[in-house]
Amino acid sequence: MTTETAIDVFEENRPLLTGVAYRMLGRVADAEDVVQDAWLRWSRADRAEVREPRAYLVRVTTRLALDRLRQVKSRGEAYVGPWLPEPYTTDFGDTVPDTADRALLADSVSVAVLVVLESLSPLERAVFVLREAFGYPYAEIAELLDRGEPAVRQLAARARRHVEERRPRYDVDPAQRRKLTERFLAAATEGDLDGLMSLLAPDARLVGDSGGKAKAPVRVLFTADKVGRFLAGVSSKNLLPDMTHRFIEVNGGVAVLVLSEGRPDTLFQLGITDGAISAVYIIRNPDKLRVLAGDRPPRRANSM
């Protein structure tokens with residue numbers, strides 16, 4: 001395999017590798033670092049001995065992500081306030097034409113699922129991602145992770161049960177989500193408390209992620225009254241200069257990116273249940289929004 005062919009093979013598999021790494025880590029920067037390390041391993045490997053490049057690359061990427069996840073867990077780093085995954089652009093375009101496949105991939109990278117995955121052990125998370133998001137057979141996962149197939153099946157069952165018990169159930173109809181997001185944005189921008197209350201489910205909650213680096217609630221807000229009053233109050237203060245917004249697709253669904261003087265300031269995404277807003281996710285941590293400003297373009301294998 002020539003160097004040029006090796007680059008082509010890697011680039012062909014890059015979306016898959018990035019998807020695996022991001023679902024494992026919940027952080028775009030870490031996922032990019034893992035994929036770059038996988039490229040270095042691939043560029044130095046004896047590729048004549050590699051019978052299945054795709055399987056080799058997934059194995060390397062998964063193990064690198066596992067190592068990084070274990071390091072994070074062992075450090076036990078404290079995060080200020082609620083944690084949400086770093087926004088991940090998921091405009092599949094024509095790459096995933098099948099509606100069922102598109103829905104599966106979108107769900108596997110949703111904010112609700114990734115928050116729950118944070119509570120799994122690294123091995124459980126790896127097995128869940130490979131099995132549920134990408135449909136790998138148990139035997140192949142066992143080979144990728146150097147584990148016996150019975151052990152992998154047990155890990156998969158435990159992880160699946162944990163996720164099913166803890167993740168919220170949201171409506172996924174794109175048109176409905178877009179419509180409610182537009183109405184929510186209009187009411188929030190105008191500080192219209194009555195309008196917000198008409199959209200929020202009685203048990204709605206608001207999760208704000210600032211990492212202690214911007215203003216946001218340090219605890220989850222519960223009930224429509226508290227969520228609505230908080231949002232209306234923020235709007236009335238008109239805190240952002242030269243505020244604009246645009247709709248983007250991240251983590252499998254529509255979101256609103258609020259910009260101040262052209263720079264990302266806040267990302268809103270909603271969870272919809274039975275036609276009402278049951279969750280409001282807000283990211284204000286500037287480190288997590290940087291990826292949406294284009295400050296960190298994805299690195300290419302052939303740039304090394």
Side-chain angles (χ1 to χ4, degrees), residues 18-19 21-22 25-36 77-93 106 109-112 114-115 177-178 180-192 196 206-221 227-228 230-271 277 279-300 303:
T18 302
Y22 175 75
L25 299 165
R27 300 160 183 85
V28 175
D30 287 353
E32 290 177 354
D33 287 343
V34 162
V35 172
Q36 195 66 15
E77 298 172 348
Y79 192 81
V80 179
W83 178 93
L84 292 172
E86 190 174 341
Y88 180 59
T89 302
T90 51
D91 184 1
F92 299 120
V109 79
S110 68
V111 171
L114 290 173
V115 168
R177 291 183 67 171
R178 174 70 183 231
L180 277 176
T181 299
E182 290 174 344
R183 292 175 61 192
F184 169 84
L185 177 64
T189 302
E190 296 169 6
D192 179 2
L196 287 168
L206 182 147
V207 184
D209 179 337
S210 70
K213 299 179 179 181
K215 291 185 177 180
V218 295
R219 295 182 179 84
V220 178
L221 301 181
V227 172
F230 169 79
L231 292 169
V234 169
S235 175
S236 66
K237 295 176 182 178
N238 194 25
L239 301 176
L240 299 180
D242 190 23
M243 186 182 75
T244 58
H245 71 270
R246 57 188 173 92
F247 290 92
I248 61 174
E249 182 179 307
V250 295
N251 294 87
V254 65
V256 177
L257 179 62
V258 178
L259 303 102
S260 177
E261 298 179 331
R263 304 293 296 175
D265 179 271
T266 305
L267 183 76
F268 288 90
Q269 192 168 44
L270 307 179
I277 298 170
V280 180
Y281 297 110
I282 300 177
I283 296 178
R284 299 208 67 219
N285 186 334
D287 295 338
K288 294 185 176 182
L289 295 175
R290 192 170 297 130
V291 66
L292 301 177
D295 292 346
R296 288 191 294 99
R299 285 167 288 186
R300 308 288 292 179
S303 69

Over all atoms of both residues, closest heavy-atom pair of Pro217 and Pro82: O-CD, 3.9 Å
Residue pair Val227 / Leu221: nearest heavy atoms and the distance that separates them: CG2-O, 3.9 Å
Derivation and outcome, side chain to side chain contact (heavy atoms under 4.5 Å, CB included), residues Leu84 and Val115: CA-CA 6 Å; Leu84 292 172; Val115 168; 4.0 Å; yes
Residues Leu206, Leu231; criterion side chain to side chain contact (heavy atoms under 4.5 Å, CB included); working and verdict: CA-CA 10 Å; Leu206 182 147; Leu231 292 169; 3.9 Å; yes
Beyond-backbone contact of Phe268 with Val258, side-chain heavy atoms, under 4.5 angstrom: yes
CG on Asp265 to NZ on Lys215, rounded to 0.5 Å: 11.5 Å
Derivation of the side chain to side chain contact (heavy atoms under 4.5 Å, CB included) call for Arg246 and Leu259: CA-CA 8 Å; Arg246 57 188 173 92; Leu259 303 102; 4.1 Å; yes
Leu267 and Val256, any side-chain heavy atoms less than 4.5 Å apart: no
Close side-chain approach of Met243 to Ser260, heavy-atom, < 4.5 Å: no
Point-to-point distance, once rounded to the nearest 0.5 Å, from CZ of Arg263 to CZ of Arg290: 9.0 Å
Taking every non-hydrogen atom, the tightest pair across Pro87 and Lys288: CD-O, 3.4 Å
Rounded distance [0.5 Å steps], CD in Glu86 versus CD1 in Ile283: 8.0 Å
Where Ile277 and Leu180 come nearest, the two heavy atoms and their spacing: CD1-O, 4.5 Å
Ser210 and Val80, any side-chain heavy atoms less than 4.5 Å apart: no
CA sep, side-chain torsions, deciding dist, call: His245, Leu257, side chain to side chain contact (heavy atoms under 4.5 Å, CB included): CA-CA 6 Å; His245 71 270; Leu257 179 62; over 6 Å; no
Minimal non-hydrogen separation, Gly211 against Asn285, with atom names: CA-ND2, 3.8 Å
Distance-minimising heavy-atom pair for Leu25 and Ala31: CD1-N, 4.0 Å
Interatomic distance, Thr181 atom OG1 to Phe247 atom CZ [nearest 0.5 angstrom]: 6.5 Å
Main-chain N/O of Val109 paired to Asn251 side chain as donor or acceptor, under 3.5 Å: yes
Contact check, side chains of Leu289 and Thr266, non-hydrogen atoms, under 4.5 Å: no
Side-chain donor/acceptor of Gln269 to backbone N/O of Gly253, under 3.5 Å: yes
Salt-bridge present (Arg284, Asp209; N to O < 4.0 Å): no
Residues in side chain to side chain contact (heavy atoms under 4.5 Å, CB included) contact with Thr18, at least two apart in sequence or another chain: Arg14, Val35, Tyr88
Cation over ring face, Arg27 and Tyr22, 6.0 Å, 45°: no
